[in-house]
Amino acid sequence: MESFQLANESSPLSLTPNFILPEHKRPHLSEVKYLDSIPIIDLSYCDGNNPSSLEVIHKISKACEEFGFFQIVNHGVPDQVCTKMMKAITNFFELAPEEREHLSSTDNTKNVRLFNYYLQVDGGEKVKLWSECSAHPWYPIDDIIQLLPEKIGTQYREAFTEYAKEVGSLVRRLLSLISIGLGLEEDCLLKKLGEQPRQRAQSNFYPPCLDPELTMGLNEHTDLNALTVLLQSEVSGLQVNKDGKWISIPCIPNAFVINLADQIEVLSNGRYKSVLHRAVTNNVQPRISMAMFYGPNPETIIGPIHELIDEEHPPKYRNYHFSKFLEEFFNQEGTRRIVKEVFELPC
Ligand code: OGA
Ligand code: NI
């Protein structure tokens, strides 16, 4: 069997042995911190070069240095666009497993696919993770909509068209705020990430399971692209690593979780962090999230930005074609997924 679908019912299921992780790979939920969390930044007064914009830029910059993650509220994407998107994803994952099975593929070169993560544990055995993911590109939107299979539904297509346009503007706005925070020209990151960016959308479905301590929804990883805009349903599950401890990210309706991914860490010469995060499951209700990834085209050359290198800050990474990074990422599938280390220069 190429892949599998988790049942679409909302009552918790028990784990079969092929989902049970070895002790050292389990989430150890009792050690997770629920009180500290990532900064929540209000973007409502951030529209130009006024003092409140500078304050927002400063907050973003601090969050990027300390956490690599922040949430944004009053971000300008209408609530109803987010609600419609979540509803369409929920409906898709509520289709009977046999109705979406034909989309399943383990071939990661496929543009549109449904897949499951696994973890290769000691001895090479593959343990399945408790989630199902659906991925497809999100740019150029009009071409993508044609690509999406019939089964994904008209509701999804409509919701996604609107959503992708809104998130596209938000990403450009965030990239400029992050560029200014780094002391660069406003359009610097957008330019460095180049033409025809690699933009992938991934919806994740985590059904409830009877024993969240024994499995993981998504194992710890850093994102391989440049920036991720994540929308989550009102069920928590996303956790971020801060100084070796896992902290839980609270759900704020229609807020976005922004996380810096590996290419911004490299471009910023390590000043901004792409940090480890993971998704855990729960035994009460299903959880859904939508990640919009923005990254360079495979042909683009990525390396630390010249202006951020000096005697005190020598380059931490070598220059590479993003295609090489992708290659390494897929080679590490099921294992470490800490790709950026391979491109580090010796200090
Ligand atoms: C991801 C991711 C977290 C979540 O898709 O890369 O980290 O909460 N998702 O689903
Ligand atoms: Ni991620």
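Every number for a ligand or one of its atoms is a count from 1 in the order of the listing.
- A salt bridge does not link E344 to K316: none of the charged side-chain nitrogens sits closer than 4.0 Å to a carboxylate oxygen.
- Heavy atoms of H277 approach ligand 1 to within less than 4.0 angstrom.
- Interface of L238 with ligand 1, defined as ligand atoms under 4.0 Å from a residue heavy atom, comprises 3 (C), 8 (O).
- Looking at Y317 and D262, their side chains never come closer than 4.5 Å, going by heavy atoms from C-beta outward.
- With a heavy-atom cut-off of 4.0 Å, Q239 does not touch ligand 1 at all.
- Set against the non-hydrogen atoms of R287, the atoms of ligand 1 under 4.0 Å away are 4 (C), 8 (O), 10 (O).
- Close approach of ligand 1 to D223 is summarised as follows: ligand atoms under 4.0 Å from at least one heavy atom of the residue are 6 (O).
- Only the side chain of F293 comes within contact range of ligand 1, with a heavy atom under 4.0 Å; no backbone atom does.
- The NE2 atom of H277 and the NE2 atom of H221 subtend an angle of 90° at the Ni ion (ligand 2), given to the nearest 10 degrees.
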Task: Audit row: Y117, H221, ring-ring contact (aromatic ring centres under 6.0 Å, His included) steps and yes/no - done: CA-CA 12 Å; Y117 284 113; H221 66 282; 7.4 Å; no

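- A salt bridge links E132 with R100: the distance from a Lys NZ or Arg NE/NH1/NH2 to an Asp or Glu carboxylate oxygen falls below 4.0 Å.
- Between K62 and E65 there is no salt bridge, since no side-chain nitrogen of the basic residue lies less than 4.0 Å from a carboxylate oxygen of the acidic one.
- Side-chain contact between L129 and L21 is present, with at least one heavy-atom pair separated by less than 4.5 Å.
- In H221, the part holding a heavy atom less than 4.0 Å from any atom of ligand 1 is the side chain.
- When non-hydrogen atoms are compared, ligand 1 lies under 4.0 Å from the side chain of L218 (C-beta onward) but not from its backbone.
- The number of heavy atoms from other shown groups lying within 6.0 Å of NE2 (H306) does not exceed 12.
- Minimum-distance N/O/S atom of D223 relative to the Ni ion (ligand 2): OD1.
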